[in-house]
Amino acid sequence: MEKGPANPEVKEKVLAYLDTVEKAKSKEIAAKIGVPKGDVDLAVKELAMEDKVEYLYITTTFVALKGKVKPPQ
């Protein structure tokens with residue numbers, strides 16, 4: 001089943017939450033903003049395509065605002 005575009009309000013909530021933390025898991029974001037995880041996943045996917053957030057693979061997958069987390073030295 002094809003999902004439609006992400007809800008713009010959910011995308012804004014995701015961006016606002018990520019602005020308050022260094023990185024977060026999708027499950028954590030969903031719990032903090034009170035939105036189903038599937039909606040958060042869709043919003044994060046679109047935000048990544050828009051180059052506003054990035055996926056970080058540090059033993060597990062995290063999401064962060066683009067450029068907020070510095071690469072290890």
Side-chain angles (χ1 to χ4, degrees):
M1 185 165 93
E2 190 75 23
K3 289 189 175 188
N7 182 331
E9 290 178 16
V10 173
K11 289 169 68 173
E12 288 301 317
K13 287 180 179 182
V14 168
L15 289 173
Y17 178 72
L18 287 175
D19 196 37
T20 67
V21 297
E22 182 179 28
K23 63 185 181 291
K25 292 183 176 185
S26 292
K27 178 172 63 172
E28 174 188 341
I29 297 168
K32 295 291 185 180
I33 66 173
V35 175
K37 184 179 175 294
D39 292 351
V40 170
D41 290 340
L42 185 59
V44 167
K45 179 180 174 183
E46 286 188 15
L47 289 166
M49 289 189 298
E50 295 169 7
D51 209 29
K52 294 182 179 178
V53 302
E54 59 190 346
Y55 291 99
L56 305 171
Y57 301 102
I58 311 167
T59 66
T60 188
T61 304
F62 290 93
V63 179
L65 289 177
K66 184 76 174 183
K68 189 167 187 176
V69 177
K70 303 296 178 220
Q73 303 249 346

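Given the structure is predicted, the values throughout are model-derived calculations rather than measurements.
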Could you list the donor-acceptor pairs under 3.5 angstrom formed by side chains in residues 35-46, with sequence neighbours left out?
from : atom 1 : to  : atom 2 : distance (Å)
K37  : NZ     : D41 : OD1    : 3.4
K37  : NZ     : D41 : OD2    : 2.8
D41  : OD1    : S26 : OG     : 3.3
E46  : OE1    : K11 : NZ     : 3.2
E46  : OE2    : A6  : N      : 2.7

* Group every Ile, Leu, Val, Met, Phe, Trp and Tyr by side-chain heavy-atom contacts under 4.5 Å, then state whether V14 and M49 land in the same group. =>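 Each belongs to a different hydrophobic cluster.
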* Asked: Got a second to check how far I29's CD1 is from K23's NZ, nearest 0.5 Å?
  -> 12.5 Å
Return all side-chain donor-acceptor pairs below 3.5 angstrom for residues 60-69, not counting sequence neighbours, or 'none' if the list is empty.
from : atom 1 : to  : atom 2 : distance (Å)
K66  : NZ     : D51 : OD1    : 3.2
K68  : NZ     : L18 : O      : 3.2
K68  : NZ     : D19 : O      : 2.9
K68  : NZ     : V21 : O      : 2.8

